Amino acid sequence: MPAHLTVTASGSEHQVEDGTTAGALLAGQHPEDRDIVVARVNGELRDLDHVLADGDEVEPVRVGDPDGLSVLRHSAAHVLAQAVQQHFPEAKLGIGPPVRDGFYYDFDVERPFTPEDLKTLEKTMQRIVKEGQGFRRRAVSDDEAREELAGEPYKLELIGLKGSGAADAAEGASVEVGAGELTIYDNLRRDGSVAWKDLCRGPHVPTTRLLGNGFALTRSAAAYWRGSEKNPQLQRLYGTAWPSKDELKAYQERLAEAERRDHRRLGSELDLFSFPDEIGSGLAVFHPRGGVIRKAMEDYSRERHERGGYEFVYSPHITKGNLFQVSGHLDWYREGMFPAMHLDAELGADGEVRKPGQDYYLKPMNCPMHNLIFRSRGRSYRELPLRLFEFGTVYRYEKSGVVHGLTRVRGMTQDDAHIYCTREQMHAELTGVLEFVLGLLRDYGLQDFYLELSTKDPEKYVGSDEVWEEATRTLEEVAAASGLELVPDPGGAAFYGPKISVQARDAIGRTWQMSTIQLDFNLPERFDLEYTAPDGTKQRPVMIHRALFGSIERFFGVLTEHYAGVFPPWLAPVQVVGIPVSDAHVEHLQQVAAKLREHRIRVEVDASDDRMPKKIRTWTKQKVPFLLIAGEEDVANGAVSFRFRDGSQDNGIGVDEAVRRIVEAVETHAQV
RNA sequence: GCCGGCAUGGCGCAAUUGGUAGCGCACCCGACUUGUAAUCGGGCGGUUCGGGGUUCGAGUCCCCGUGCCGGCUCCA
């Protein structure tokens with residue numbers, strides 16, 4: 001064994017003594033750098049006390065790096081678990097991985113955690129952090145692990161799963177057991193005694209001290225063991241952890257900002273929509289202010305569809321069950337549909353069935369109806385691509401726990417289109433649809449997109465493999481040609497075909513699934529759709545399903561959050577409010593308002609007996625884009641004074657110029 | 001669907017150990033006539049989500065239902 005090893009640190013070679021740790025080497029390299037929390041050795045993350053071998057390549061990983069943050073958060077999860085077992089010795093450990101912005105740990109406990117428990121646990125975590133416990137890795141055999149963790153049934157289960165693909169065993173389970181040897185991490189006190197231990201793959205930060213005061217417990221919730229509703233529920237504690245208190249505060253500020261933008265909150269503050277209990281969960285009504293936004297969205301969409309070669313159709317909300325038998329929905333999504341209404345049955349006097357009656361269903365999708373429109377007469381290849389568009393309202397029986405504001409509802413209107421084309425046209429048509437979709441989303445103010453390709457779920461599909469392959473390949477080509485980032489989503493497809501979905505990032509960086517474009521060879525088959533080809537033969541068309549907003553309700557919610565309620569003028573429910581300095585100036589503003597109305601501008605004049613500053617406050621809070629103020633001076637000059645939502649002003653603008661500016665802002669979809 | 005929390009005028013909130021339901025905003029009326037985010041005074045408004053129970057007495061405690069919130073599972 002050589003006394004000296006040759007290792008590579010950050011690209012350059014070094015001679016070090018046998019037994020040198022990654023941490024010691026990196027400390028020599030970066031003497032001032034206290035942010036190094038783990039090392040990447042030959043591409044694998046290792047603890048700093050990992051002993052180097054000849055030929056190792058070592059890179060520092062800092063706490064602010066994505067990997068460094070995950071390690072920090074994973075270590076925070078261990079500190080949480082230690083605190084929990086200190087207060088609740090009977091608590092059994094589940095798993096505790098890092099997640100986006102934080103971590104969680106699942107426990108089997110006698111009673112769920114209370115908000116008070118969270119406070120107590122956070123204090124105990126703080127104590128453990130201050131104690132400066134070290135994390136020490138220890139390799140163990142399966143049998144040793146089983147013996148040490150005899151009191152931890154869930155960990156034993158994970159040990160049993162090792163090698164059978166821990167990644168499938170449970171989301172996050174891979175942080176506990178990897179594919180190779182089992183390891184246990186001991187938390188060591190200063191005096192070397194073991195404070196706590198956990199089956200864990202690691203790596204970890206060298207000491208709990210690194211958690212500083214940059215962590216917090218955020219909430220508790222139940223979670224199914226190993227992610228399956230067939231399993232018992234554990235109690236999950238969520239936390240967040242950051243390299244510093246300032247970053248923790250910045251994160252909490254981001255959450256507060258998201259809350260201020262919450263469409264449910266803005267929806268009631270701006271009087272846009274509500275969910276009356278009397279109607280039922282997940283069923284929205286739009287108030288006049290929200291209705292006008294929705295109308296502006298829909299009107300513009302209609303106009304674009306008209307120009308894009310779509311034809312407008314309408315279909316009912318309810319249908320006999322057979323339609324969804326044919327389409328396959330009743331086989332695949334019965335659980336997600338409102339239960340049947342059984343109609344028209346007749347019983348004889350003695351109760352025997354004279355006429356069996358029929359089941360009617362609320363429609364969960366529009367496509368079967370559109371297929372019937374296609375099939376209503378013979379179709380020629382000359383008609384293809386045939387693009388049928390509808391604002392189609394559908395009803396889905398979402399489980400009670402998932403209904404959420406406008407983004408997950410039980411009744412929604414899709415801006416739904418079904419395009420029927422030949423296989424030859426399919427590629428060009430998909431390209432055109434994707435272009436159309438992205439262009440329209442941009443017109444509504446979203447700019448930042450990526451694509452997701454959802455492919456066949458082996459458990460849930462109809463049709464032949466060849467057809468799926470062709471459909472998937474086509475979508476992949478079209479997606480690639482768009483130049484946007486493409487993320488795979490294996491198993492995410494609907495039963496009838498693969499899909500591309502457009503994900504949009506909003507103003508504060510959150511992503512939302514917007515449009516979906518699905519290719520479908522199956523429904524045309526099931527509905528026996530055909531057209532006559534140039535040679536006189538009957539051919540099967542290909543079907544493209546495409547929703548652009550996803551649902552109008554959902555898109556409405558996303559736009560509300562994207563703009564934080566500060567809608568661009570073309571979408572703002574009230575575009576202009578005239579504010580007189582005193583009663584004497586009301587008439588002047590009413591004349592200005594009349595001119596604006598000729599251009600279909602939504603304008604009001606506030607002639608109430610509030611004082612001017614109060615009116616400014618009121619309408620600024622309502623986020624009206626243009627306030628037009630007029631007093632002595634403006635009236636005398638035939639002018640108005642603009643005040644914008646950010647408080648800036650543009651005074652003494654001639655009335656015609658003012659009208660022109662406002663109309664232009666609305667027509668160009670500008671933000672002001 | 002599962003786990004936990006919550007539900008008080010239109011909105012945001014308050015109400016000791018179970019003891020007469022209050023406040024701000026909004027709304028209505030009146031006075032004031034004013035140049036860039038709250039003028040003053042007065043008034044209306046609640047079967048405390050619905051139903052049942054415990055109690056001399058329930059906004060408060062218990063049960064059922066409905067709805068909302070946070071997660072889990074799900075999301076055509």
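Remember, it's a predicted structure, so these values are computed and weren't measured experimentally. Note on naming: letters A, B, ... go to the chains in the order of the sequence lines (proteins, then strands), and numbering restarts at 1 for each one. As a basis for the values below, the full set of heavy atoms in this structure was taken, side chains included, without hydrogen atoms, waters or symmetry mates.
Atom C1' of rA37(B) sits at a distance of 47 Å from the matching atom of rU73(B), rounded to the whole Å. Between the P atoms of rC44(B) and rC23(B), the separation comes to 12 Å (whole Å). Distance check on atom P: rU36(B) versus rC32(B) gives 22 Å, rounded to whole Å. As rounded to the nearest Å, rU48(B) and rG41(B) have C1' atoms that lie 30 Å from one another. Atom name C1', nucleotides rC61(B) and rG18(B): the rounded distance is 8 Å, in whole Å. For rG51(B) and rG19(B), the P atoms lie 22 Å apart once the distance is rounded to whole Å. rC25(B) and rC68(B) have their C1' atoms separated by 23 Å, with the value rounded to a whole Å. rA14(B) and rG71(B) have their C1' atoms separated by 30 Å, given to the nearest Å.
In this model, a donor atom of one side chain and an acceptor atom of the other lie less than 3.5 Å apart for T114(A) and D117(A). For the residue pair Y224(A) and R226(A), no side-chain donor N or O sits within less than 3.5 Å of a side-chain acceptor on the partner. With no hydrogens or angles considered, a side-chain donor-acceptor pair links Q649(A) and N651(A) at under 3.5 Å. Inspection of the D101(A) and T240(A) side chains reveals no N or O donor paired with an N or O acceptor under 3.5 Å. Side chains of T393(A) and T413(A): a donor-acceptor N/O pair is present below 3.5 angstrom, by distance only.
In the set rA76(B), rC72(B), rC2(B), rA76(B) carries the atom at the smallest distance from any side-chain atom of H329(A). Proximity note for E632(A) (side chain, C-beta onward) versus rG35(B), rC68(B), rC72(B): the nearest is rG35(B).
With hydrogens and angles ignored, a donor-acceptor pair under 3.5 angstrom links the side chain of D634(A) to the base of rG35(B). Residue Y224(A) places a side-chain atom within donor-acceptor reach of the base of rG1(B), judged by atom type and a 3.5 Å distance cut-off alone. One can find a donor-acceptor pair under 3.5 Å joining the base of rC74(B) and the side-chain atoms of R408(A). On a pure distance criterion of 3.5 Å, no polar donor-acceptor pair joins the side chain of E229(A) and the base of rC72(B). Judged by atom type and distance alone, S641(A) reaches the base of rG35(B) through a side-chain donor-acceptor pair under 3.5 Å.
Nucleic acid contact for Y496(A): sugar-phosphate only, since backbone atoms but no base atoms lie under 4.0 Å from a heavy atom of the residue. Within the 4.0 angstrom heavy-atom criterion, only backbone atoms of the sugar-phosphate kind lie near P613(A); the bases stay farther away. As judged by a 4.0 angstrom heavy-atom cut-off over every strand, S268(A) is placed among residues making no nucleic acid contact. Using a 4.0 Å heavy-atom distance criterion, D277(A) is classed as a sugar-phosphate-only contact. In this structure, G647(A) reaches neither bases nor backbone, as no heavy-atom distance under 4.0 Å exists between it and the strands shown. Heavy atoms of G328(A) sit nowhere under 4.0 angstrom from any nucleic acid atom. At the heavy-atom level, K621(A) lies under 4.0 Å from base atoms of the strands shown. R643(A) comes within contact range of at least one nucleobase, with a heavy-atom separation under 4.0 Å. Nucleic acid contact for A494(A): sugar-phosphate only, since backbone atoms but no base atoms lie under 4.0 Å from a heavy atom of the residue.
With a cut-off of 3.5 Å on both Watson-Crick or G-U wobble distances, the partner of rC6(B) is given as rG67(B). With both pairing distances under 3.5 Å, rC23(B) is matched to rG12(B) as a Watson-Crick or G-U wobble pair. The partner of rU36(B), taking Watson-Crick or G-U wobble pairs whose two distances both stay under 3.5 Å, does not exist in any strand shown. Base pairing annotation: rC72(B) forms a Watson-Crick or G-U wobble pair with rG1(B), both donor-acceptor distances under 3.5 Å.
The interatomic distance linking D610(A) (CG) with rC40(B) (C1') rounds to 13 Å, in whole Å. Residue D271(A) contributes atom CG, which lies 13 Å from atom P of rG12(B) at whole-angstrom precision. Taking atom CG of residue D117(A) and atom P of nucleotide rG5(B), one finds them 11 Å apart after rounding to whole Å. If you take CD of Q414(A) and C1' of rC75(B), they are 12 Å apart, rounded to a whole angstrom. Taking atom CD1 on I95(A) and atom P on rC72(B), their separation rounds to 12 Å, with Å as the unit. In this entry the distance linking CG of D101(A) with P of rG71(B) reads 13 Å, nearest Å. One can place CG of L237(A) at 18 Å from P of rG70(B), the figure rounded to the nearest angstrom. Between the CD atom of E633(A) and the C1' atom of rU34(B) there is a distance of 15 Å, rounded to whole Å.
In summary, the aromatic rings of Y361(A) and Y395(A) are positioned with their centroids too far apart to meet the 6.0 Å limit. For F107(A) and Y105(A), the ring centers sit closer than 6.0 Å to each other. Aromatic ring centres of H545(A) and Y496(A) lie closer together than 6.0 Å.
Looking only at side-chain heavy atoms (C-beta outward), M514(A) and L441(A) come within less than 4.5 Å of each other.
Taking the nucleotide of RNA chain B with the nearest heavy atom to each of Y238(A) and M337(A), the more 5' of the two is matched to Y238(A). Comparing V403(A) and P112(A) against RNA chain B, the residue whose closest nucleotide sits nearer the 5' end is P112(A).
Among residue pairs with one or both ends in residues 397-416 of chain A, those qualifying as ring pair (Phe, Tyr, Trp, His ring centres under 6.0 Å) are F338(A)-Y397(A); sequence neighbours excluded.
Few gaps surround CD on Q252(A); more than 12 heavy atoms of other groups in view lie less than 6.0 Å from it. Counting heavy atoms of neighbouring residues, nucleotides and ligands inside a 6.0 Å radius, atom CD of E257(A) exceeds 12 of them.
For K614(A), a side-chain nitrogen or oxygen approaches OP1 or OP2 of rA26(B) to under 4.0 Å. OP1 or OP2 of rG70(B) sits under 4.0 Å from a side-chain N or O of R264(A). Taking only side-chain nitrogens and oxygens, S220(A) never comes nearer than 4.0 Å to OP1 or OP2 of rC3(B). Here R611(A) does not reach the OP1 or OP2 of rU39(B): none of its side-chain N or O atoms lies under 4.0 Å away. Considering only side-chain N and O atoms, H404(A) lies under 4.0 angstrom from the phosphate OP1 or OP2 of rG70(B).
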Any chance you could lay out the salt bridge (Lys or Arg N to Asp or Glu O under 4.0 Å) test for K499(A) and D489(A), step after step, and finish with the verdict?
-> CA-CA 10 Å; K499(A) 73 174 178 206; D489(A) 173 30; 5.8 Å; no
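Within residues 451-461 of chain A, the residues that place at least one heavy atom under 4.0 Å from RNA chain B are, in residue-number order, K460(A). Only R396(A), Y397(A), K399(A), S400(A), G401(A), listed by number, bring a heavy atom of residues 390-401 of chain A to less than 4.0 angstrom from any atom of RNA chain B.
Using a 30° and 60° split on the angle between ring planes, F495(A) and Y333(A) fall in the tilted class, from 30° to 60°.
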